[in-house]
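Below is one structure; the comments refer to it alone.
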Amino acid sequence: MYDQEMDNRSFSRREFLTKAAMIGLAAAVPGSLLAGAGTANAEGSAASQATAGAAAAPAESLFQPGGTIVDVPGIKVGQLQDLKAMTGCTVVVLEEGSPCGVDVRGSAPGTRETDLLNPINMVEKVNAIVLTGGSAFGLDSASGVMRFLEEQGIGHPVGVGVVPIVPAAVIFDLSFGSAKVRPDQKMGYEAAKIASKNPVKQGNAGAGTGATVGKLAGGKRAMKGGLGSASVRLPNGLVVGAVVAVNAVGQVQDPVTGEILAGARDDQGQIRDALSWMIEQSAPPVPSGTNTTIAVVASNANLNKTQANKVAQMAHNGLAKSIFPVHTMSDGDTIFAVATGGVDASVNLVGTLSAEVLAAAVVNAIKAAEGAEGLPAYRDLASR
């Protein structure tokens, strides 16, 4: 059933993605390849109709079956998790170093090296990005990634060696599993060491191991969150991918069908709409700062750091489509955007596709998650 649902969702996005592909190709390929992208001209020739069919055909393969962020050239991912303590980290390694931007929308973020990504600041490229559990303690895992990269001679040259540039963001998972075990330098080092082009494991993996969602009615009524990833490929070679750890206070919904996939549950164990809980609650039952959704969106577009920051900003639309409410006082929502280069594409296209792919990754995280510590996952309720 899981694979069938994934296929159905991919199919329902094709119309949007076909149009997006046509927009992206407009500046990069001959106009003849775009013929028929709009409404068919009544006077169009048979030749133009054939061209239109050729241009539209790749839409069926835009969302790759099993696609993850490693489909983007120059991206590798390594993950480790402690399934007893229910925490872990995800390391996105940028093989050649890449321009990176960031946008923080939640009011309770836990981050490292984000000031460096401001376009007015000096360093142009980052070497890796860490998404991790463990709240602020988990930021220590980024030091392990730095140590591994330094051993490989990778980093910003400073005359006496290199300083690896490794921004990071955390989720709060201390109340799920063990509060005393957090991702540390050793876990970060080992995760960077095993980074590869293998498809990213989703669900209870990496930074999403201890993630939960739907905490508006308290932690006992919540559901399991997780780590998700997705990718999209356009006919001109542009690839956009995302990886996300979903630990939101709000509910997660499929932006295509509107189905609430995970959220706060009532006394009968059924998901109840988040707004209803919010209206009835005089104050949220969960402490501020104990939730967040953190992500990396990546593309092989030729973008600079300023443009990458804009993509990160636009990508938050993917969270707004799939999580409700989002960017609250209790969340620390943070998105990094990287561009490995190789394909000319507009910021508008990359940002729009990043939002779409990120929304798909959020859905994947929830559908791949497994129930743990007494909290059910989407698949548990869907199987009833």
Inset, instruction - Give a yes or no on this: more than 12 heavy atoms of other residues, nucleotides or ligands lie within 6.0 Å of atom NZ of K220. - result: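 Count not over threshold, so no.
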
Legend entry - Heavy atoms from other residues, nucleotides or ligands near CZ of F137 exceed 12 (cutoff 6.0 Å):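 No, CZ of F137 has 12 or fewer neighbouring heavy atoms, counting only those of other groups under 6.0 Å.
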
Can you tell me if [X] uses its side chain to pair, donor with acceptor, with the backbone of [Y] under 3.5 Å?
{"X": "N309", "Y": "L117", "result": "yes"}
{"X": "N118", "Y": "D115", "result": "no"}
{"X": "Q152", "Y": "L149", "result": "no"}
{"X": "K125", "Y": "E96", "result": "no"}

Inset, instruction - Report the C-alpha separation of H156 and V158 in whole Å, then their side-chain angles, then the decisive distance to 0.1 Å, and conclude whether the side chain to side chain contact (heavy atoms under 4.5 Å, CB included) test is met. - result: CA-CA 6 Å; H156 181 70; V158 291; 4.0 Å; yes

Inset, instruction - Indicate whether any N or O donor in one side chain lies under 3.5 Å from an N or O acceptor in the other, for R112 and S143. - result: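 Yes.
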
Legend entry - Between Q313 and K310, a side-chain donor and acceptor under 3.5 Å: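 Yes, K310 and Q313 have a side-chain donor paired with an acceptor closer than 3.5 Å.
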
Taking the side chain as C-beta and beyond, is there a heavy-atom pair between [X] and [Y] under 4.5 Å?
{"X": "N300", "Y": "L238", "result": "yes"}
{"X": "I69", "Y": "V357", "result": "no"}
{"X": "T90", "Y": "V77", "result": "yes"}
{"X": "L261", "Y": "K367", "result": "yes"}
{"X": "V72", "Y": "V338", "result": "no"}
{"X": "T209", "Y": "D82", "result": "no"}
{"X": "P167", "Y": "L116", "result": "no"}
{"X": "R265", "Y": "L375", "result": "yes"}

Inset, instruction - Let me know which of V92, D103, T114 forms a side chain to side chain contact (heavy atoms under 4.5 Å, CB included) with F336. - result: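 Passing option: T114.
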
For [X] against [Y], the heavy-atom pair lying closest together:
{"X": "G371", "Y": "A377", "answer": "N-CB, 3.4 Å"}
{"X": "N204", "Y": "A372", "answer": "ND2-CB, 4.4 Å"}
{"X": "N127", "Y": "V163", "answer": "OD1-O, 4.4 Å"}
{"X": "E190", "Y": "L80", "answer": "CB-CD1, 3.3 Å"}

Inset, instruction - Using the rule that two of Ile, Leu, Val, Met, Phe, Trp, Tyr join whenever any of their side-chain heavy atoms come within less than 4.5 Å, decide whether L319 and L353 are in one cluster. - result: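 Shared cluster, yes.
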
Legend entry - Cluster check V297, L131: I/L/V/M/F/W/Y, side chain < 4.5 angstrom: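 V297 and L131: separate clusters.
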
Quick one: side chains of residues 242-253, donor-acceptor pairs under 3.5 Å with protein atoms, not counting sequence neighbours, listed by atom name and distance.
{"from": "N247", "atom 1": "OD1", "to": "T212", "atom 2": "N", "distance (Å)": "2.8"}
{"from": "N247", "atom 1": "OD1", "to": "K215", "atom 2": "NZ", "distance (Å)": "3.3"}
{"from": "N247", "atom 1": "ND2", "to": "F172", "atom 2": "O", "distance (Å)": "3.0"}
{"from": "Q251", "atom 1": "OE1", "to": "A274", "atom 2": "N", "distance (Å)": "2.8"}
{"from": "Q251", "atom 1": "NE2", "to": "Q253", "atom 2": "OE1", "distance (Å)": "3.0"}

Inset, instruction - List the steps and the verdict of side chain to side chain contact (heavy atoms under 4.5 Å, CB included) for M86 and D173. - result: CA-CA 8 Å; M86 294 306 293; D173 57 5; over 6 Å; no

Inset, instruction - Could you tell me whether E373 and K224 have a side-chain N and a carboxylate O separated by less than 4.0 Å? - result: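 So E373 does not pair with K224 through a salt bridge.
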
Inset, instruction - Check which hydrophobic residues are tied to L83 through side-chain heavy-atom contacts below 4.5 Å, counting indirect links as well, and list them. - result: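 Members besides L83: none; it forms no cluster.
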
Inset, instruction - List the steps, then state whether side chain to side chain contact (heavy atoms under 4.5 Å, CB included) holds for I366 with D254. - result: CA-CA 10 Å; I366 298 305; D254 189 320; over 6 Å; no

